[in-house]
Amino acid sequence: MADNLDLQNNEQDSFLPNQAKTPSWGGVCVKLLQGPLYRSGADDENWNTLCEWFSAINDYFSKIGLVVLQNQSDGYAFLAEADDHRSRAAVSGFEEAPSDDERSTQDDGVKMPRLIKKMPLSVELSMLCVLLREALDRFEASESSKSALVISESEIRELLLPYLKSSSDQTRVLKRLDEYIAQLLRLTFLHEIIDNSSERKFEVRRIIKSRIGPEFLSEFKKRLEAQNASYSSDSGEEKK
């Protein structure tokens, strides 16, 4: 009876699928699925693994329509849709192309849902992103000896104030400044620096350049100019 039971167990084992071993770079894939990956230093194990196995990792994600975009000089990498030309343009010099809610695979007629959902930004948060991007551009053009742009909460407030025309706008936006900063931290555009300072300080991460590209800057400035012109026109009518 025992022999029959052993034989039955062995037969069941033979039908079990072979369990594939997790590759050495599997942990990096998990990190990328959780959000952007940043290089913390020369001995950063995850970053070095990504660089060493970049082709294999990219091939792994390509099976579900994703691509790893890596900026070696600025030290960050993130996942994007394979046809997300806006992100590729900021990292790899690709031209922008329109996108939709579904994307075609290599097989004609096959559609896949988008895996990475785009988060809409409010006008105020978009403006703050644009101002931080421009501040980063000025910092890089200044050839500062510092490796990163660090900005305080009061400096962020000063960036916003000139674009808030009315006192009610200033009160409303500044009251929500902590909320905007929290969203930028979640997007990893900002990284909070913990020190003994009495005021909060943040590093403006260069990944913001891959999200707020030249096309976005140009389009947003046009909208802002139109909004300002409308505001000036309304103010003029009120004075009359």
Side-chain angles (χ1 to χ4, degrees), residues 35-42 44 47 50-51 67-80 84-97 118-119 121-165 170 173-174 177-178 180-195 197 199-229:
L37 183 67
Y38 292 93
R39 179 181 58 211
S40 62
D44 187 328
W47 183 262
L50 173 63
C51 294
V67 62
V68 183
L69 299 182
Q70 182 185 35
N71 189 308
Q72 284 276 6
S73 58
D74 289 337
Y76 65 82
F78 61 95
L79 291 176
D84 188 350
H85 298 272
R86 185 188 295 271
S87 294
R88 296 169 77 96
V91 178
S92 307
F94 281 72
E95 294 182 359
E96 183 184 358
K118 295 182 179 180
M119 187 181 76
L121 304 180
S122 66
V123 174
E124 292 84 2
L125 189 58
S126 297
M127 180 188 298
L128 185 51
C129 287
V130 167
L131 294 172
L132 289 172
R133 164 67 198 265
E134 291 182 331
L136 183 59
D137 288 344
R138 291 193 297 271
F139 171 78
E140 293 180 337
S142 69
E143 298 182 353
S144 172
S145 59
K146 297 179 180 178
S147 60
L149 171 59
V150 176
I151 190 169
S152 65
E153 188 170 355
S154 61
E155 289 172 327
I156 293 176
R157 189 180 298 111
E158 289 171 7
L159 285 176
L160 277 170
L161 283 176
Y163 297 92
L164 304 176
K165 299 300 181 181
Q170 292 180 8
V173 172
L174 296 181
L177 186 59
D178 284 345
Y180 297 145
I181 290 175
Q183 290 184 59
L184 292 174
L185 288 171
R186 286 196 295 272
L187 290 167
T188 74
F189 291 174
L190 292 180
H191 173 69
E192 187 162 7
I193 297 173
I194 307 299
D195 57 16
S197 174
E199 186 177 16
R200 297 176 76 188
K201 293 182 180 179
F202 308 91
E203 174 191 345
V204 181
R205 284 179 151 167
R206 288 179 169 86
I207 194 173
I208 196 172
K209 295 190 295 184
S210 70
R211 304 300 195 185
I212 310 298
E215 297 85 3
F216 184 94
L217 285 172
S218 176
E219 181 182 345
F220 187 82
K221 284 182 177 180
K222 288 178 182 177
R223 291 174 57 190
L224 192 61
E225 288 172 2
Q227 182 178 327
N228 288 340

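For the atom pair CG (Leu69) and CZ (Phe78), the distance works out to 4.5 Å, reported to the nearest 0.5 Å. With rounding to the nearest 0.5 Å, the separation of CD1 in Ile181 from CD1 in Ile156 is 4.0 Å. Atom CG in Leu149 sits 8.5 Å away from atom CD in Glu140 (nearest 0.5 Å). From Arg39, atom CZ reaches atom CD of Gln72 across 7.0 Å, with rounding to the nearest 0.5 Å.
Taking both residues in full, the closest heavy atoms of Ser73 and Asn71 are given as OG-OD1, 2.9 Å, listed atom of the first, atom of the second, then distance. Across every non-hydrogen atom of Arg206 and Ser147, the tightest pair is NH1-O, 3.1 Å. When all heavy atoms are compared, the tightest approach of Leu185 to Glu192 is CD2-N, 3.7 Å. Smallest separation of non-hydrogen atoms from Cys51 and Gln70: SG-NE2, 3.4 Å. Taking all atoms of both residues into account, the shortest heavy-atom contact from Arg205 to Leu136 is O-CD2, 4.2 Å. Nearest approach of Leu159 to Arg138, heavy atoms of both residues: CD2-NH2, 4.1 Å.
Residues Ile208 and Leu187 fail the side-chain proximity criterion, which asks for heavy atoms closer than 4.5 Å. Side-chain contact between Ile212 and Leu132 is absent, with no heavy-atom pair separated by less than 4.5 Å. Val204 is listed as a side-chain neighbour of Leu190, based on a closest heavy-atom distance under 4.5 Å. Side-chain contact between Val130 and Glu134 is present, with heavy atoms from C-beta onward closer than 4.5 Å. Using a 4.5 Å heavy-atom threshold, the side chains of Leu37 and Val68 count as separate.
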Practice task
For Leu174 and Leu161, run side chain to side chain contact (heavy atoms under 4.5 Å, CB included): C-alpha distance rounded to whole Å, both residues' side-chain angles, the deciding distance at 0.1 Å, then the answer.
Solution key: CA-CA 9 Å; Leu174 296 181; Leu161 283 176; 3.7 Å; yes
Practice task
Would you sort out whether Lys209 and Asp74 count as a side chain to side chain contact (heavy atoms under 4.5 Å, CB included), showing the intermediate values?
Solution key: CA-CA 10 Å; Lys209 295 190 295 184; Asp74 289 337; 3.4 Å; yes
Exercise for the section: Go through the steps to decide whether His191 and Ile207 satisfy the test side chain to side chain contact (heavy atoms under 4.5 Å, CB included), and finish with yes or no. Expected result: CA-CA 11 Å; His191 173 69; Ile207 194 173; over 6 Å; no
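Without hydrogens or angle criteria, Glu199 side chain to Ser154 main chain gives a donor-acceptor distance under 3.5 Å.
Annotation: cation-pi geometry not satisfied between Arg211 and Phe189 (NZ/CZ under 6.0 angstrom from ring centroid, within 45° of ring axis).
Side-chain polar atoms of Tyr38 and Thr188 form a donor-acceptor pair below 3.5 angstrom.
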